[in-house]
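Read through the structure below, which is laid out as structure tokens, and then see the notes.
Keep in mind that the numbers below use all heavy atoms, side chains included, and drop hydrogens, waters and symmetry copies. In what follows, chains are A, B, ... by sequence order, proteins preceding strands, each numbered from 1.
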Amino acid sequence: NAGVMQNPRHLVRRRGQEARLRCSPMKGHSHVYWYRQLPEEGLKFMVYLQKENIIDESGMPKERFSAEFPKEGPSILRIQQVVRGDSAAYFCASSPPGTSETQYFGPGTRLLVL
Amino acid sequence: AQKVTQAQTEISVVEKEDVTLDCVYETRDTTYYLFWYKQPPSGELVFLIRRNSFDEQNEISGRYSWNFQKSTSSFNFTITASQVVDSAVYFCALSNYGQNFVFGPGTRLSVLP
């Protein structure tokens, strides 16, 4: 059973470009979470999605950031018009249906904005 | 509001020493989960343990043990006979049943040979 997959593992963008980060949850998992980890800091929750639904986006910046988890395909975290402050590691986690379940994390995408 | 505090920013020990990583949490929920994750230098997050708020039994897994004390809102993690491979950042996290996790800031453990 493959774990949570994220790609790309490393992404370099220039200021103003768009960044698209992809996350494929573990097989059988229908809940996806995105977290951001700034250098030398802990993880900060961004958004929680189920298939075709955003359940909680209280941690998402109001502008430039969006997330989706379509019926088919991976979850996408999109950052438009990136700025240097967006440089961070972005982790995706997934959990099976139901509450109270452990979240399993992907390897992360390291975004560097030049 | 939920909060997780890991007061130890960095800890250094010599191999074979025992080390305890502290975690103190705040929540108004009566039911919740607590977690520990390990982030080695390679950067991935490795799940170590989940503890239900109703289960205050301590747990031991090999060289790892966890002490959950609801009375003091603490969920401490002890590594016995530490090894160099234990060097990592360790995160404590709190979840209120299926919603997002709140992570502590992490404790960087360095185990010196």
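- Expressed to the nearest 0.5 Å, how far CG of L43(A) lies from CZ of F91(B) amounts to 5.5 Å.
- For Q81(A), the CD atom is loosely surrounded, since the number of other residues' heavy atoms within 6.0 Å does not exceed 12.
- Put simply, Y33(A) and F65(A) are part of two different groups of oily side chains (I, L, V, M, F, W, Y) that touch within less than 4.5 Å, one to the next.
- Atom OH of Y104(A) sits about 13.5 Å away from atom CG of L45(B), to the nearest 0.5 Å.
- The distance between the ring centers of F105(A) and Y37(B) falls below 6.0 angstrom.
- Within 6.0 Å of CE on M5(A) lie no more than 12 heavy atoms contributed by other residues, nucleotides or ligands.
- Proximity to chain A is absent for every atom of Q6(B), based on heavy atoms less than 4.5 angstrom apart.
- Other residues, nucleotides and ligands place no more than 12 heavy atoms under 6.0 Å from the CZ atom of R15(A).
- Taking non-hydrogen atoms and a 4.5 Å limit, the residue list of residues 104-113 of chain B in contact with chain A, ordered by number, reads G104(B), P105(B), R108(B).
- Remark: aromatic rings of F103(B) and F45(A) are distant, center separation not under 6.0 Å.
- Note that CG of L48(B) and OG1 of T102(A) are 11.0 Å apart. Values are rounded to the nearest 0.5 Å.
- The same ILVMFWY cluster, assembled from side-chain heavy atoms under 4.5 Å apart, contains both I49(B) and Y32(B).
- Proximity to chain A is absent for every atom of T9(B), based on heavy atoms less than 4.5 angstrom apart.
- Y90(A) and M60(A) fall within the same hydrophobic cluster, defined by Ile, Leu, Val, Met, Phe, Trp and Tyr side-chain heavy atoms under 4.5 Å apart, directly or through other members.
- When each of R110(A), K44(A), M46(A) is scored by its heavy-atom pairs under 4.5 Å with chain B, the top score falls to R110(A).
- Residue E44(B) holds its CD atom at 11.5 Å from CD of Q6(A), rounded to the nearest 0.5 Å.
- Y48(A) and M26(A) fall within the same hydrophobic cluster, where Ile, Leu, Val, Met, Phe, Trp and Tyr residues are linked whenever their side-chain heavy atoms come under 4.5 Å apart, directly or through other members.
- The number of heavy atoms from other shown groups lying within 6.0 Å of NZ (K3(B)) does not exceed 12.
- I60(B) CD1: 12 or fewer foreign heavy atoms inside a 6.0 Å radius.
- With hydrophobic clusters built from ILVMFWY side chains whose heavy atoms lie under 4.5 angstrom apart, V113(A) does not share a cluster with F91(A).
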